[in-house]
Amino acid sequence: MAGKKVIDKQFKLDAVQYRKNHPELTFEQVAKNLGISNSSIHRWCKQFSIKMIIRMKIKIYLEDQAIFQVMMQKNLPV
């Protein structure tokens, strides 16, 4: 029995970027062009989209915390 094919993270990132760069193509066309399954490109786009949103929210939270600290140090109303 053959094992599951392991695809490295860089290929997945490149595939997601290819999809973003070619919005005129369907997921099926992207998958065919890259030699992967339709479900794979869907899954990778979703995974990397969720990770991007989480990173963005963390960044905003940390920026808010930094602003809060400055306001507290300067005794500004919060």
Side-chain angles (χ1 to χ4, degrees):
M1 184 160 90
K4 192 173 184 180
K5 183 179 177 183
V6 177
I7 300 175
D8 70 349
K9 185 176 180 179
Q10 188 59 54
F11 180 84
K12 293 175 183 180
L13 288 169
D14 291 343
V16 170
Q17 189 60 50
Y18 178 79
R19 168 69 178 128
K20 288 180 182 178
N21 291 343
H22 298 281
E24 74 281 2
L25 298 177
T26 65
F27 277 95
E28 292 80 11
Q29 291 169 317
V30 169
K32 183 178 178 184
N33 291 351
L34 298 176
I36 58 176
S37 70
N38 187 33
S39 61
S40 290
I41 190 64
H42 273 282
R43 184 174 57 255
W44 300 340
C45 286
K46 184 177 179 182
Q47 285 172 344
F48 290 112
S49 175
I50 289 170
K51 287 179 182 179
M52 183 186 72
I53 290 167
I54 291 170
R55 285 188 188 119
M56 213 166 39
K57 288 185 177 194
I58 290 171
K59 182 180 179 205
I60 290 168
Y61 171 78
L62 293 174
E63 288 171 353
D64 287 348
Q65 290 300 308
I67 291 168
F68 177 75
Q69 291 297 324
V70 170
M71 291 175 77
M72 293 296 290
Q73 290 170 356
K74 295 185 178 192
N75 292 321
L76 298 172
V78 285

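We use all heavy atoms of the structure for the numbers below, so side chains are in, but hydrogens, waters and symmetry mates are not.
Cluster annotation: F68 and L62 are assigned to distinct hydrophobic clusters (Ile/Leu/Val/Met/Phe/Trp/Tyr, side-chain heavy-atom contacts under 4.5 Å, transitive). Cluster annotation: V70 and I67 are assigned to distinct hydrophobic clusters (Ile/Leu/Val/Met/Phe/Trp/Tyr, side-chain heavy-atom contacts under 4.5 Å, transitive). By the criterion of side-chain heavy atoms lying less than 4.5 angstrom apart, applied directly or through intervening Ile, Leu, Val, Met, Phe, Trp or Tyr residues, I50 is grouped together with Y61 in one hydrophobic cluster. Transitive grouping of hydrophobic side chains (ILVMFWY, heavy atoms separated by less than 4.5 Å) keeps W44 and M52 in distinct clusters.
Pairs engaging residues 11-27 under the side chain to side chain donor-acceptor pair (under 3.5 Å) rule: Q10-D14, Q17-N21, Y18-N33, H22-E24, T26-E28, T26-Q29 [sequence neighbours left out].
R43 CZ to N38 CG: the interatomic distance, rounded to the nearest 0.5 Å, is 10.5 Å. Atom OG of S40 is separated from atom CD1 of I7 by 5.5 Å, given to the nearest 0.5 angstrom. Taking CE of M71 as the start and CG of D64 as the end, the distance is 10.5 Å to the nearest 0.5 Å.
Applying the ring-ring contact (aromatic ring centres under 6.0 Å, His included) test to F11 and every residue at least two apart in sequence or in another chain returns nothing.
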Would you please test K59 and R55 for side-chain contact (heavy atoms from CB on, under 4.5 Å) and show each step? CA-CA 6 Å; K59 182 180 179 205; R55 285 188 188 119; over 6 Å; no
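Here the shortest heavy-atom pairing between V16 and C45 reads CG2-N, 3.8 Å.
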